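Each remark here refers to the structure printed beneath this line.
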Amino acid sequence: MTNIVRWGILGAAKIARTDLAPAIHAAENAELAALATSSTEKAAPFRAIHPGLSIHDTYDALLADPKIDAVYIPLPNHMHVEWTLKALAAGKHVLCEKPIALKAADIDGLIAARDAAGRLAAEGFMVVHHPQWHHVRDLLAKGAVGELTHVEGAFSFYNDDPDNIRNRPETGGGALLDIGVYPSVTTRFATGAEPRAITADIRRENGIDTFARVWAEFPGFTMSFYCGMRLQQRQEMVFHGTEGWIRLTAPFNANKYADAVVEWRRPDGASETRAFTTANHYKTMIEAFGRSVTTGATFACPLEFSRGNQAMIDAIYAAGERDLPRVTP
């Protein structure tokens, strides 16, 4: 078996154009081989990356291409399950943009289809492939902050375009599915823990959630975060313990929002910082996916891990349906 995975992309979405196609082209064990789009104009930036790219005018035509080993799916959220299942049925390995499903229960069918096909299917949470998050996980595992007591997170940006898929309920829009998944997935990845109870306050506009405040109880520590699509850009994660804390300056859009730096406040009060300004988590994700396909190496975000994350998001939505107790001073 060759160590090179030949990739096709279903659709010319912006994230595919700006991040995933360049990452596939740059990865040591990947080849950007095909794109499915009926638009010559949309295909042009991809051909600029790889002039020899094959262009298919339908998604089904790309899935039928015997030269393609794996597909990346950047379609709107509500199409992810359908096309992941179709790609697996066509014998392709699948990396799907998050969220891979809109409900945790839908991932059960993906797991069954993955196992039946004997192919790798996974959700594209690039953050768990970034070395800064492996560094944080290692620090927590060795007790660098003492006993972890609380985790804080924030992720926001401004987008009120009614035509954008993030603002449309029929395409699986909403702040939690778009960005709220990141504080949850990184906390679960870094700590290896799962939430036991959740409280949430969710604001909605036109059928989608635009802002959410979340409080979660994990075994031994608590967590709070907010996410929103009507706020100035901000992102940060803090892990606070009895003897120190860890802060990430660009936990999710590393080296785009800001330089990716992990600050560790040690028990003696001194600070240590480690910068990860050259890491590209999309490239490392593609290379990790390729190693898993060709050698059977463990992939950091299997569907079982994704199901746990979607279960947390489902619980946040359910908690947000209940009124929070409020006390007037």
Side-chain angles (χ1 to χ4, degrees), residues 15 18-20 22-23 26-29 98 122-157 179-193 216 218 220-227 232-292 297-301 305 309:
I15 191 170
T18 60
D19 294 300
L20 269 297
E28 295 180 358
N29 56 356
K98 58 81 203 161
E123 190 172 22
F125 270 122
M126 71 292 184
V127 285
V128 302
H129 302 280
H130 197 291
Q132 69 173 346
W133 279 108
H134 289 259
H135 178 52
V136 171
R137 186 173 63 173
D138 292 343
L139 286 173
L140 292 173
K142 72 178 185 180
V145 300
E147 181 180 346
L148 179 63
T149 302
H150 186 67
V151 179
E152 271 184 5
F155 197 3
S156 65
F157 67 97
I179 55 177
V181 292
Y182 285 108
S184 56
V185 81
T186 51
T187 298
R188 294 175 56 249
F189 178 77
T191 65
F218 286 77
F221 66 93
T222 56
M223 177 199 188
S224 63
F225 76 87
Y226 69 84
C227 63
Q232 173 59 276
Q233 289 186 46
R234 183 180 178 227
Q235 55 183 263
E236 186 176 53
M237 288 290 289
V238 176
F239 295 79
H240 203 156
T242 55
E243 299 178 24
W245 49 260
I246 300 165
R247 183 173 74 94
L248 294 90
T249 58
F252 313 124
N253 296 123
N255 302 318
K256 288 188 175 183
Y257 170 76
D259 287 345
V261 176
V262 175
E263 180 183 4
W264 170 34
R265 181 63 61 90
R266 301 188 325 222
D268 63 5
S271 291
E272 290 186 13
T273 60
R274 184 171 172 184
F276 296 86
T277 53
T278 61
N280 181 330
H281 49 195
Y282 293 106
K283 177 175 177 286
T284 55
M285 176 176 65
I286 294 297
E287 290 176 342
F289 191 95
R291 287 192 297 271
S292 185
T298 300
F299 193 66
C301 186
F305 181 71
N309 210 63

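In this text, all values refer to a predicted model and were calculated from it rather than measured experimentally. Just so it is clear, the values below take in all heavy atoms, side chains as well, and ignore hydrogens, waters and symmetry mates. Start at 1 with the first residue, then count along the sequence.
Counting heavy atoms from C-beta outward, His150 and Ser224 have side chains that approach closer than 4.5 Å. Side-chain atoms of Val136 and Val262, non-hydrogen and from C-beta on, do get closer than 4.5 Å to each other. By the 4.5 Å heavy-atom criterion applied to side chains, Pro183 and Met223 are counted as neighbours. The side-chain heavy atoms of Ile15 and Tyr282, taken from C-beta on, include a pair separated by under 4.5 Å. Side-chain atoms of Val185 and Phe305, non-hydrogen and from C-beta on, do get closer than 4.5 Å to each other. Looking only at side-chain heavy atoms (C-beta outward), Phe221 and Leu148 come within less than 4.5 Å of each other. Counting heavy atoms from C-beta outward, Thr242 and Val145 have side chains that stay 4.5 Å or more apart. The side-chain heavy atoms of Leu140 and Ile246, taken from C-beta on, include a pair separated by under 4.5 Å.
No donor-acceptor pair closer than 3.5 Å links the side chain of Asn280 to the backbone N or O of Ala26. Under a 3.5 Å cut-off, the side chain of Ser292 and the backbone N or O of Ala297 do form a donor-acceptor pair. For the pair Thr149 (side chain) and Glu147 (backbone), a donor-acceptor distance under 3.5 Å is present. Formation of a donor-acceptor pair under 3.5 Å by the Trp264 side chain with backbone atoms of Ala144 is found in this model.
The two residues Gln232 and Ser156 come nearest to each other via the heavy atoms O-OG, 2.7 Å. In terms of heavy-atom proximity, Cys227 sits nearest to Gly180 at SG-CA, 3.8 Å. Contact between Asn255 and Ala279 at its shortest, heavy atoms only, is ND2-O, 3.5 Å. Among all heavy-atom pairs drawn from Gln132 and Ala260, the shortest one is OE1-CB, 3.6 Å. A pairwise comparison of heavy atoms in Asn309 and Val181 identifies ND2-O, 3.4 Å as the closest pair. Of all heavy-atom pairs between Ala193 and Phe218, the closest is O-CE2, 3.6 Å.
Note that the CD1 atom of Ile286 and the CG atom of Leu20 stand 5.5 Å from one another [nearest 0.5 Å]. With rounding to the nearest 0.5 Å, the separation of CZ in Phe252 from CZ in Phe125 is 10.5 Å. Atom OG1 of Thr187 sits about 3.5 Å away from atom CE of Met237, to the nearest 0.5 Å. Here the NE2 atom belonging to His135 is positioned 12.0 Å from the NE2 atom belonging to His130, to the nearest 0.5 angstrom. The NE2 atom of His134 sits 7.5 Å away from the OG1 atom of Thr284 when rounded to the nearest 0.5 Å. Between the OG1 atom in Thr249 and the CG atom in Asp259 there is a gap of 7.0 Å [rounded to 0.5 Å].
Comment: Arg247 engages Glu263 in a salt bridge, judged by a side-chain N to carboxylate O separation of less than 4.0 angstrom. Look at Asp19 and Lys256 and you find a salt bridge, because one of the NZ, NE, NH1 or NH2 atoms lies within 4.0 Å of a carboxylate O, short of that distance.
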Can Phe239 and Trp245 be said to form a side chain to side chain contact (heavy atoms under 4.5 Å, CB included), step by step? CA-CA 5 Å; Phe239 295 79; Trp245 49 260; over 6 Å; no
Using side chain to side chain contact (heavy atoms under 4.5 Å, CB included), reason through Val261 and Phe276 one step at a time and then give a plain yes or no. CA-CA 6 Å; Val261 176; Phe276 296 86; over 6 Å; no
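Heavy-atom contacts from other residues, nucleotides or ligands closer than 6.0 Å to CD of Glu28 number 12 or fewer.
Here the two rings, on Phe299 and His129, have centers that are under 6.0 Å apart.
For the side chain to side chain donor-acceptor pair (under 3.5 Å) with Asn253, the qualifying choice from Gln233, Gln235, His281 is Gln235, the only one to do so.
Both tests do not hold together for Arg234 against Phe155: distance to the six-membered ring centre under 6.0 Å, angle to the ring axis within 45°.
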